[in-house]
Amino acid sequence: MIVTPLDSAILDSKEQYVFYHKMIDFSLKELIVAVQQKQILNAQEVLLFKQYCDLLLYSIEAMRVKYMYDDEENMKVDLTDSSFPNYLEFRYLFNDLALREDYLGKLTDIDTLKSEFLDTLMRKKEPISKRKLFQAASIVYYTSAKKEYIFNRFVQGKIIQAPEGSPAEHLVSWSFYDVSHNRPFICYMYFNYDGKDPQKERDEIYSALKTVADREMSLDTMAYGIDKRLPDVLPKLIKRVDLGPIHNVFAKDENKVTHAILQGIANKEIPLESYAISFKIDELKSGSEFKEGGFFSKRTFQKWDAIYRERYVFAPHRIIQMLYNKTPEVMNKLAQGPIQISELKTK
């Protein structure tokens, strides 16, 4: 049986690593498919959403390889309102891979390690030591993981033409890993441009987004900051996706869904691998425009409508039934009924 102390923020056994990474990988892939099937985001937004999630999954897999046989370090998981790895783990990955050549130079040669493995297994008939397994995992980690695919604290998407029927001509996306929540957020901004080509100003646009839209905040505060900083960019719709928390046995927070799942596991009503995913979308639309400033320095600003919020829960059928029984007040406030996804099978 896998023991998971709820007051612990580290994964400290091989069994926990296998279980945790399987759960996060499986639940995120289920989420991607369900978001697309239920058309919660439009086709272009889903494509970008999948790209950001791929970076996230790639990074978490790199962490699995990095820590699997490491007896000295343990990966930290955020137990409160997240269940994702602590944001520092992503920074450690990025820093590690920036020094890839230095680390590879200190590791045992691959051919030498292979010979030692074969000698131990075939001639000595002994299991491979954890120290040797860690050496092998380190080689895989440093030779296969690529820095450019790691989910950084801020990930900038390209400026593209908005799909037909959009509220504006251009679309830019970005994602950030909020350090206070330890969760990924994905943002989309539809905008018009007071000029011929926004690509000429893309460096300024990217810099502004990284400066004023790189953390969780009130959406109208974010919109005002972008609008004020970029005179020629006229935002028309800003959409922010809050990915999580993932409610499961590793979580420890005040969330009613988490509490219901933990209670169900403790009472043996549902299996240890039970989970649910919260998914939230905030939207802010420009209702109209107004001009401000003197005759020679007039600027156009947006008048924003009220923030529109949608909340979703994704869970296997058995968990949905339990949540309707234990947390009807949460289920009745969702944008639509809980969305069914597959159960995780650990055997």
Side-chain angles (χ1 to χ4, degrees), residues 1-28 31 52-100 103 130 133-134 137-138 140-142 144-147 149-155 175-185 214-216 242-255 257-259 261-262 265 272-273 275-278 344 346:
M1 179 179 175
I2 300 165
V3 179
T4 308
L6 293 180
D7 58 352
S8 172
I10 61 172
L11 300 181
D12 55 8
S13 74
K14 183 177 178 179
E15 290 75 16
Q16 284 190 12
Y17 276 111
V18 171
F19 183 55
Y20 174 78
H21 285 93
K22 185 172 184 179
M23 172 170 286
I24 299 300
D25 182 81
F26 181 84
S27 58
L28 282 178
L31 178 66
Y52 289 118
C53 285
D54 282 345
L55 292 179
L56 196 59
L57 288 166
Y58 184 92
S59 302
I60 292 171
E61 171 61 15
M63 290 177 200
R64 184 190 70 80
V65 175
K66 176 182 177 180
Y67 286 112
M68 179 61 76
Y69 299 104
D70 191 345
D71 290 329
E72 297 180 3
E73 299 289 339
N74 294 301
M75 195 181 88
K76 295 177 178 61
V77 174
D78 187 278
L79 305 182
T80 58
D81 219 24
S82 169
S83 285
F84 285 98
N86 186 283
Y87 83 97
L88 286 172
E89 295 295 345
F90 292 89
R91 183 189 293 180
Y92 295 153
L93 283 182
F94 200 77
N95 292 345
D96 280 351
L97 298 175
L99 300 170
R100 175 204 303 267
Y103 284 113
K130 291 198 75 173
L133 289 172
F134 177 58
S138 296
V140 172
Y141 172 56
Y142 286 112
S144 62
K146 299 185 184 300
K147 186 175 70 171
Y149 298 145
I150 299 302
F151 195 103
N152 215 340
R153 199 177 72 79
F154 184 86
V155 183
S175 184
F176 58 86
Y177 205 83
D178 187 83
V179 299
S180 59
H181 297 296
N182 280 302
R183 290 202 307 269
F185 291 74
D214 67 334
R215 67 191 69 89
E216 196 275 333
D242 179 357
L243 208 169
I246 300 176
H247 312 278
N248 61 79
V249 72
F250 291 98
K252 180 186 178 185
D253 55 46
E254 301 297 323
N255 194 293
V257 174
T258 300
H259 183 71
I261 287 176
L262 291 179
I265 292 172
L272 184 71
E273 58 268 24
Y275 73 102
I277 308 170
S278 286
L344 171 63
T346 56

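Residue numbers start at 1 and run along the sequence shown. Only heavy atoms go into these numbers, but all of them, side chains included; no hydrogens, no water, no symmetry mates. Just so it is clear, the structure is predicted and the values come from calculations on it, not from any experiment.
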Residues His181 and Ser82: side-chain donor-acceptor under 3.5 angstrom:
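Checked: His181/Ser82 side chains show no N/O donor-acceptor pair below 3.5 Å.
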Heavy-atom distance under 4.5 Å between the side chains of [X] and [Y], does that happen here?
| X | Y | result |
| --- | --- | --- |
| Cys53 | Leu243 | yes |
| Pro85 | Ile60 | yes |
| Glu89 | Tyr67 | yes |
| Tyr149 | Leu93 | no |
| Pro184 | Tyr52 | no |
| Arg153 | Phe94 | no |
| Ile246 | Phe84 | yes |

Heavy-atom closest contact ([X] atom, [Y] atom, distance):
| X | Y | result |
| --- | --- | --- |
| Ser59 | Phe90 | CB-CE2, 3.6 Å |
| Val249 | Phe19 | CG1-CE2, 3.8 Å |
| Ile24 | Leu57 | O-CD2, 4.4 Å |
| Asn248 | Leu262 | O-CD2, 3.6 Å |

For the side chain of [X] and the backbone of [Y], is there at least one donor-acceptor N/O pair under 3.5 Å apart?
| X | Y | result |
| --- | --- | --- |
| Arg183 | Asp81 | yes |
| Tyr92 | Met63 | no |
| Ser278 | Gly244 | no |
| Asp178 | Ser180 | yes |

Rounded at 0.5 Å granularity, tell me how far [atom1] in [X] sits from [atom2] in [Y].
| X | Y | atom1 | atom2 | value |
| --- | --- | --- | --- | --- |
| His259 | His247 | NE2 | NE2 | 13.5 Å |
| Leu97 | Lys66 | CG | NZ | 8.5 Å |
| Glu61 | Asp25 | CD | CG | 7.5 Å |
| Arg91 | Ile150 | CZ | CD1 | 14.5 Å |
| Tyr275 | Ile265 | OH | CD1 | 13.0 Å |
| Leu88 | Lys76 | CG | NZ | 8.0 Å |

Look at the aromatic rings of Phe151 and Tyr177 and report parallel, tilted or perpendicular, splitting at 30° and 60°.
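Aromatic pair Phe151/Tyr177 classed perpendicular.
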Using 30° and 60° as the class boundaries, would you call the ring planes of Phe176 and Phe185 parallel, tilted or perpendicular?
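Ring orientation, 0 to 90° scale: parallel.
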